[in-house]
Every structure is written in structure tokens, then in C-alpha cells.
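None of these values were measured; they are calculated from a predicted model. FYI, the numbering just counts along the sequence from 1. All values below were derived from every heavy atom in this structure, side-chain atoms included, with hydrogens, water molecules and symmetry-related copies excluded.
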Amino acid sequence: MKLTLESIKDRASWQGYHLPDYDPAKIAENTRKAPAWLHFGPGNIFRAFPTVLCQRLIEQGKMDTGIICCSGRSPETIVECLRPHDNLTIAVTMGADGSMDKEIVASVTDSLTMQYDLPRIQQIFEMPCLQMVSFTITEKGYALRGADGELMPAIAADMDRGPDECTEFMPRMAAMCLQRKKACGKPLSMVSMDNCSHNGEKFRSAILEIAGAWLQRGKITAEEYGYLENEIAFPWSMIDKITPRPNAAVEAELQKDGVEDASLFVTSKQSYVAPFVNAEKPQYLVIEDQFPNGRPPLEEAGVIFTTRETVDKVEKMKVSTCLNPLHTALSVFGCLLGYTLICEEMKDADLVNLVRLLGYKEGLPVVTNPGILNPREFLDEVVEQRLPNPFMPDAPQRIAMDTSQKVGVRFGVTVRSYLERGLEPAELVALPLAIAGWMRYLLAVDDTGKEMEVSPDPLKEELQGKLSDIIWNRPESYHGQLKEILSNVSIFGCDLVEAGLSDKIEGYFKEMLAGAGAVRATLHKYTGDK
């Protein structure tokens, strides 16, 4: 049982696996001739969700092409994971009852890298039949500036060089779109499927800022800028499906079945990937219906197409109230308290009280109701079914990655909502406690006093540097070091000092410095009876 196109022809050997109900070779040939869907970011959520949607449509006879997948930066997942297996993936859906639904996904027809396959990627961009380019590159992939608000040096250099000589990912996306204008002039949709607020707006702003610099420097014409501004669409979207890193128990189950070469490995950027992905069953994908060159009929596979306003409301409901804030709170406290699984955290009364207080008492009063999904029912599903799922091997250490890039949406939006509605942010408890927990986590010392690893984050060294003279077990070593961080609008989306929250956050933080067990004691003190 090798994960190859030749092996899966022997359907009898793959009992218990859903195999593609079509000819992958034919779909690959169709896609090579007339690609409609190109995707950047071969990570777990892409291989567990959009690829399966595409497979459903192919099996229903509603699509006759697949997806060409590209890596934007590191080629490791492509080179080590997809290509050796003919671009196949085993998608494992983890049921709350312990069931595993296993499916061989063959809708990725080719896998390319920006490092080695740039001419082929450019050729695809130039084809009139291309309808959409989708992205799962994480929120930081769209950033042009650092935390100080200044352009990153490599981006600034690309703005000086122009579209023909740029080297960074975002400038290259702008350059490829401009080449499309020259080649065919057709419009195109660039669809961010990343889990971040106003993802389409962030994407469009980045592309137009780069193009604006090129226009100002005489590198492109006003007509070319107008093409990017008016003919390239950047639909907003909201995606939701928990896809943790590949789990050793799932790997063992596949090996028990007889699957060969399904081992997970760690990339140079400390990402965990494998020829399989494991994910929960609940999934949501809501997209603004803005596709000027047409699109695959993804609504036939469960995707909701709607207006920008509705996408915005769904996204705010999820990332600012009903899921992501809970995830971040669990991640930092889970690491501090020695947990390695989210589902185990949901057996801890203090942590359950924390997320219930954060979601129901502090979040729902200011939640954005999108109309197409009920916020309370969504939150109920998260708290009662999704987070406690014992067969979803998600880790707080994974969720804690890049927290500095997330807290502005996951916490800052709620703070701003309180201010806008005339409510008092200083009355919040769980939200400032979660922020204080993140600050305490950055000290890299757990609640027993042992050193612990802090997950990767682009601001990790900078933030830890600001806290370097704070000493665990010595609350008196704190003398206002958090204020500079808490007032950073680029991190939180608002000034938490001006919002009146800093005193509470600093107070919680100092209490968590008191020694072994101080994190637990503080957590229980403020959430135990709530």
C-alpha cells in the first residue's frame, strides 16, 4: 500500500479508504491544458479542505480539472511530501466518537515551487482559462511592514527594483498579475483563504502598495496600475476547520493498515507535515462572490458565496468571539500549565471557566451576528464538541505560534467594540487575563518554574527582549515593562493603556510571577467562581 497513483489502482488493497471516483490521469491532463485553479500554500488546511471540495466536484461531474499547488517560500512540503506520492494526500477526518474516515485525495494534479518552477507558474498566470488563485500562507504572508511600521528591507528593495527583478512573494504576485495583463488581459480572482480579519483587503492593500511604489518610480504605467486596481479581484473569505499537525497516533493507524512511507517530518521552519493530514469534521468556508473570470461551482460542495458585508460579519463572529480568542487563551495557558493537547485542557475546570467567560459573558454581548450562522450555536459547537474532541490531536504549542500576529483580531476587536458601544473595557476579566497569560508565557518559564520552549513568532525576540529583566518568582522585578507592548497599536489594533486595560493586565501578570503555582492560582482566582 504505497501512496501512489499506481498503487491505488488496486482498490481491493485499500479497503476502508475512500478512493477517487474518477481517473486522476485524465483530470491531470485536463488541468495541464486548461488550469482553472492555482493555489499557494501546501499546508494542512489546504490538503484537508479545499482539495477535498475539489475532489467532490470532480466526482459529481461538476469539474473536470483539479488544482495546481505551489509553495511560496519553503519547497519542503512539495519536494518531500507531495511529489514522492504523485501529489496524493490521505485526508483523515477525526470524529468525536473516535471514528476515522480515510480518503485518498487526488485533486492536486501538479505541485510547483517558486524556487524552481517560476516559468511554469508564470505561464499558468498568463492563461485566459485561469479563474482563481487561492492562498493559505498565514496572516504574516501578507505583511509588508514590521512591528515598527517600517517597510521590510526586502520589500523596499523590490519596490525599487520593479516587477521584472523582484524576489519577494507579494511583489512577485503583483508582477505575475501584470504579466497576465500583457499576455491575455483577462481579469482574475486572488482568493485569500487565510484565517485573518479582512484577508482580501489585506491582500489587495499589499499588492496596490507595491504597485503604487512601482508607478511612482516609473516602473509601471498608470494603465498597468489600473489593471491591478480594477481587474484583479480580492474576495474576502472566512475559513474554519481545525487541522492540527500530523499526529503520531494517526500515523500508527495508517501503518497498521499497511500504508507505507506515511511518516511525518519536521521542516526547517519547524512545521510538521506528512503525506497525510488529520482534521475535525466541522468545516466552514464563506467567500465573497467576486469572480470576474468565473469560478468553480464550489457552492455544490458546501461553500457559502455571499456579499462582502456578510463575509465580514461571519469572520468577525469567528475570529473575534466564537473560536479564535478561545484558542489563543487555551494555547498560552495550556503551555504554562504543561498541557500538550487542547482536548485535555477542556477537562480542566479553570480553563473551561476561562473560555466560557471569554466567549459567552464577554464576547457574545458584542458579537457580530452574520445572519447565515447563529453565533451562540456556533459557540456551543466549539465549546461542547470541537475543543473537547478527544480524537483531535491539536496542541496548544501549535496554536501559540505567531500569537503577536493574531491578538489584534482575537482580542483587540472586542476591546474596540466595547469602546464603540460605550461599554467599559476595564470590566473585562477573561480577555485581559488571556493577554497577561501571553505576556507571562513569553518569559519561557512554566508554572512549575521550569524553562519551556516558546513557539515561533516573528516578534518573539523583540518582545522577549522588552521583558528580559523580569524574573520569575520575583514580582518586584516588574516595574512597568509591559506598558510599551500594551500600547502598541500595530500588535493589538488599539492602545490598551488608553483603553484602560493596562492596570488589570499588569496586575494579573504580577500575580502570575509569584512562584510555582502562581499561574494556576491567578487563573482560578479570577475565573473559578464565574
ask   = Under 6.0 Å between ring centres, would you say that holds for Phe40 and Phe169?
value = yes
message = Assess whether a salt bridge exists between Asp350 and Lys525, defined as any Lys/Arg side-chain N lying under 4.0 Å from an Asp/Glu carboxylate O.
response = no
query = Within 45 degrees of the axis of the six-membered ring of Phe305 and under 6.0 Å from its centre: does Arg295 put its NZ or CZ there?
reply = yes
task = Run the numbers on Trp37 and Thr65 for side chain to side chain donor-acceptor pair (under 3.5 Å), then give the verdict.
result = CA-CA 8 Å; Trp37 187 350; Thr65 58; over 6 Å; no
ask   = What orientation do Phe135 and Phe203 show, parallel under 30°, tilted 30 to 60°, or perpendicular over 60°?
value = perpendicular
ask   = Distance only, no hydrogens: is a donor on one side chain within 3.5 Å (strictly under) of an acceptor on the other, for Glu251 and Ser263?
value = yes
ask   = Do Ser404 and Asp457 get their side chains close enough for a donor-acceptor pair, meaning under 3.5 Å?
value = yes
SB check Lys316 Asp312 (cutoff 4.0 Å) = yes
request  = Verify whether one side chain among Thr328 and Ser331 offers a donor that lies under 3.5 Å from an acceptor in the other.
outcome  = no
note = Between Ile58 and Gly66, the two heavy atoms sitting closest are CD1-CA, 4.3 Å
Side-chain H-bond candidate by donor/acceptor type, Ser487 with Asp495, under 3.5 Å = no
query = Between the side chains of Ser237 and Asn199, does any donor sit under 3.5 Å from an acceptor?
reply = yes
key: Matching residue for Thr522 among Lys510, Glu511, Arg440 - test: side-chain contact (heavy atoms from CB on, under 4.5 Å)   = Glu511
query = Just checking, any donor-acceptor pair under 3.5 angstrom between side chains of Asp446 and Tyr441?
reply = no
request  = Measure across Lys241 and Ala48 and return the closest heavy-atom pair with its distance rounded to 0.1 Å.
outcome  = CE-O, 3.7 Å
message = Quick check on the 6.0 Å ring-centre criterion: do Phe265 and Tyr272 meet it?
response = no
task = Output yes when a side-chain donor or acceptor of His85 lies under 3.5 Å from a complementary backbone atom of Leu3, and no otherwise.
result = yes
query = Is Arg386 salt-bridged to Glu280, going by a charged N under 4.0 Å from an acidic O?
reply = yes
message = Ignoring hydrogens and geometry beyond distance, is a side-chain donor-acceptor pair present between Tyr418 and Glu424 at under 3.5 Å?
response = no
query = Is a side-chain donor or acceptor of Glu451 paired with a backbone partner of Val445 at a separation under 3.5 angstrom?
reply = no
request  = May I ask you to check whether Tyr508 and Tyr526 place their ring centers less than 6.0 Å from one another?
outcome  = yes
query = Hey, are Asp257 and Tyr17 close enough side-chain-wise for a donor-acceptor pair under 3.5 Å?
reply = yes
message = salt bridge (Lys or Arg N to Asp or Glu O under 4.0 Å), that's the test. Do Asp402 and Lys406 meet it? Break it down for me.
response = CA-CA 7 Å; Asp402 302 331; Lys406 304 169 181 175; 5.7 Å; no
ask   = Are the charged groups of Lys202 and Glu139 less than 4.0 angstrom apart, N to O?
value = yes
